[in-house]
Enquirer: 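What follows is a structure written as structure tokens; I'll ask about it next.
Numbers restart at 1 for each chain; the letters A, B, ... are given by sequence-line order, proteins then strands. Excluded from the calculations below are hydrogen atoms, water molecules and symmetry mates; all remaining heavy atoms, backbone and side chain alike, are included.
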Protein chains: 2
Amino acid sequence: MELKAMTIGKLSSRAGVKVTTIRYYESIDLMPQPHRSESGQRIYDETSVERLSFIRHARDLGFPVESIRDLIDLQSKPDQDCASVDAIARRQLANVRYRLNQLEALEAELKRMIAACEGGSVENCTVLACLSDHNNCREDEHGRLNGLLEG
Amino acid sequence: MELKAMTIGKLSSRAGVKVTTIRYYESIDLMPQPHRSESGQRIYDETSVERLSFIRHARDLGFPVESIRDLIDLQSKPDQDCASVDAIARRQLANVRYRLNQLEALEAELKRMIAACEGGSVENCTVLACLSDHNNCREDEHGRLNGLLEG
DNA sequence: CTTGCCTCTACAGCCGCTGTAGAGAGTAAT
DNA sequence: ATTACTCTCTACAGCGGCTGTAGAGGCAAG
Ligand SMILES: [Zn+2]
Ligand SMILES: [Zn+2]
Ligand SMILES: [Zn+2]
Ligand SMILES: [Zn+2]
């Protein structure tokens with residue numbers, strides 16, 4: 001009796017990626033077409049686990065699928081200069097930082113509008129006032145006018 | 001000659017929301033059906049500008065459409081207690097903070113893997129090494145093992 | 001009248017999956 | 001061998017929040 005073949009479910013649990021997602025990755029050619037058993041079930045090996053884990057880690061870090069595709073391509077050219085790999089990573093870092101800045105601004109504004117509200121009727125809710133008009137929130141954060149209603 | 005009616009393009013520029021997006025908001029009943037001119041063009045008024053600006057500001061702050069729907073409903077009940085408004089805002093703040101934490105972890109790991117790379121061949125690139133195995137990055141950030149390859 | 005932009009509808013596509021339906025395959029216990 | 005249960009298969013629709021396209025018609029200035 002041979003070693004039991006690795007089916008998609010096994011690969012799924014080993015790499016921490018859902019079965020449907022694996023099939024999706026295959027459909028977009030991010031994972032290669034695996035061998036099939038006689039009955040048509042997908043059969044994987046250790047390299048599949050590695051590749052899928054790589055993809056998963058990159059996705060966890062927010063790399064878009066297209067970048068991952070490029071990274072995998074580069075991985076198969078070990079003698080090349082790694083500058084292009086690093087460039088992809090830096091691009092991703094820039095992207096993350098951009099989103100981070102956005103979110104920090106959102107957090108600040110949300111915090112202010114919530115802190116300003118002392119309860120009461122919807123009519124006097126500062127949250128709605130801020131949403132209706134950004135000027136109702138002091139300390140401008142995402143553009144437009146600023147400081148018109150100080151005090 | 002009457003005042004010129006506000007068509008969708010005018011509303012678009014006044015509220016800073018694309019024409020197609022306005023039509024989309026109408027299709028999902030976030031914006032009400034506007035009046036139409038004889039030839040069938042959408043005609044808006046000042047309340048449309050206000051409502052659309054409100055929506056835009058809330059979207060800028062990351063509120064999901066469903067929350068905005070709820071906020072608009074609440075806005076039309078000015079005598080009610082604003083607790084439910086504030087709850088929606090706090091939920092959104094929690095959401096933003098969650099994403100912020102995620103992104104901070106991503107930033108840290110990306111920064112580390114990029115900083116560690118001193119150039120050279122793809123084969124020795126720390127970026128790819130980290131992506132291949134999270135353990136290759138010290139200071140664990142999103143789960144699994146830590147500190148196995150110190151020094 | 002022509003030019004050129006604006007508006008209309010209806011529908012497909014984006015990303016990165018997730019869920020569904022309906023069928024067949026594999027495994028374990030009775 | 002039968003039942004019961006899980007796993008796997010394909011194909012396709014749906015999520016959120018838009019964006020883009022095609023092909024048609026409206027409208028104001030030169
Ligand atoms: Zn309030
Ligand atoms: Zn604002
Ligand atoms: Zn490198
Ligand atoms: Zn990691």
Enquirer: Going by heavy atoms in the side chains, are A:Leu93 and A:Arg97 under 4.5 Å from each other?
Expert: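 Yes, at least one pair of side-chain atoms sits under 4.5 Å.
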
Enquirer: How long is the gap from CZ on A:Phe54 to CG on A:Leu71, to the nearest 0.5 Å?
Expert: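 Here the interatomic distance stands at 5.0 Å.
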
Enquirer: When you check the phosphate oxygens OP1 and OP2 of C:dT9, does a side-chain N or O of B:Arg42 lie under 4.0 Å from one of them?
Expert: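 Yes, such a contact exists.
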
Enquirer: To the nearest 0.5 Å, what is the distance between CG on B:Leu106 and CD on A:Gln92?
Expert: 7.5 Å

Enquirer: Run the side-chain donor-acceptor check on residues 19-33 of chain B: report pairs under 3.5 Å with partners two or more places apart or on a different chain.
Expert:
from: B:Glu26; atom 1: OE1; to: B:Arg42; atom 2: NE; distance (Å): 2.7
from: B:Ser27; atom 1: OG; to: B:Tyr24; atom 2: O; distance (Å): 2.7

Enquirer: Distance check needed: D:dT8 P versus A:Lys4 NZ, whole Å only.
Expert: 11 Å

Enquirer: Expressed in angstrom and rounded to an integer, what is the separation of A:Ile55 atom CD1 from C:dG16 atom P?
Expert: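 Roughly 12 Å, once rounded to whole Å.
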
Enquirer: Which comes earlier along DNA chain C counting from the 5' end, the contact point of B:Lys10 or that of A:Gly62, where each point is its nearest nucleotide?
Expert: B:Lys10

Enquirer: Roughly how far apart are A:Met6 CE and A:Ser13 OG, rounded to 0.5 Å?
Expert: 9.5 Å

Enquirer: Quick check on C:dA25: is either OP1 or OP2 less than 4.0 Å from any side-chain nitrogen or oxygen of A:Arg36?
Expert: no

Enquirer: Just verifying a value: how many Å separate A:His57 NE2 and A:Leu61 CG, rounded to the nearest 0.5 Å?
Expert: 4.5 Å

Enquirer: Where along residues 19-31 of chain B does a heavy atom fall under 4.0 Å from DNA chain D?
Expert: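 Heavy-atom contacts with DNA chain D come from B:Thr21, B:Tyr24, B:Tyr25.
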
Enquirer: With respect to the phosphate group of D:dC18, does any side-chain polar atom (N or O) of B:Arg59 fall under 4.0 Å of OP1 or OP2?
Expert: yes

Enquirer: Looking only at the side chains, is there a donor atom on one of B:His35 and B:Gln41 sitting less than 3.5 Å from an acceptor on the other?
Expert: no

Enquirer: What is the distance, to the nearest angstrom, from the CD atom on B:Glu66 to the C1' atom on D:dG16?
Expert: 10 Å

Enquirer: So how far is it from A:Ile68 CD1 to A:Glu66 CD, rounded to the nearest 0.5 Å?
Expert: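 CD of A:Glu66 is found 9.5 Å from CD1 of A:Ile68.
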
Enquirer: CD1 of A:Ile8 versus C1' of D:dC7: gap in Å, rounded?
Expert: 11 Å

Enquirer: Quick one: A:Asn95 CG to C:dC15 C1', roughly how many Å, whole number?
Expert: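 After rounding, the reported distance stands at 13 Å.
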
Enquirer: Return whichever of B:Pro64 or A:Tyr44 has its heavy-atom-nearest nucleotide of DNA chain D closer to the 5' end.
Expert: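 Result of the comparison: A:Tyr44.
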
Enquirer: Taking the side chain of A:Lys18 as heavy atoms from C-beta outward, which of C:dT18, D:dG20, D:dT10 is closest to it?
Expert: C:dT18

Enquirer: With the threshold set at 4.0 Å, does a side-chain nitrogen-carboxylate oxygen contact exist between B:Asp73 and B:Arg69?
Expert: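 Looking at B:Arg69 together with B:Asp73, the answer is no, because their closest N to O distance does not fall below 4.0 Å.
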
Enquirer: Test: side-chain hydrogen bond (donor to acceptor under 3.5 Å, both in side chains). Region: residues 75-86 of chain A. Which pairs qualify, not counting sequence neighbours?
Expert: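 Qualifying pairs: A:Gln75-B:Ser132.
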
Enquirer: So which protein N/O to nucleotides 22-26 of chain D N/O distances come out below 3.5 Å?
Expert:
from: D:dG26; atom 1: O3'; to: B:Ser39; atom 2: OG; distance (Å): 3.2

Enquirer: Suppose the criterion is salt bridge (Lys or Arg N to Asp or Glu O under 4.0 Å): which pairs have a residue in residues 45-54 of chain A, not counting sequence neighbours?
Expert: A:Arg14-A:Glu46

Enquirer: According to a 3.5 Å limit on both distances, what stems of 3 or more consecutive Watson-Crick or G-U pairs are formed with DNA chain D?
Expert: C:1-30 with D:1-30

Enquirer: Test B:Asn95 against B:Arg99 for side-chain hydrogen bond (donor to acceptor under 3.5 Å, both in side chains), laying out the working first.
Expert: CA-CA 6 Å; B:Asn95 189 301; B:Arg99 288 191 281 153; 3.1 Å; yes

Enquirer: Would you mind reading off the distance between B:Leu52 atom CG and D:dC18 atom C1', rounded to a whole angstrom?
Expert: 14 Å

Enquirer: In whole Å, I'd like the distance from the CE atom of A:Met6 to the C1' atom of D:dT8.
Expert: 16 Å

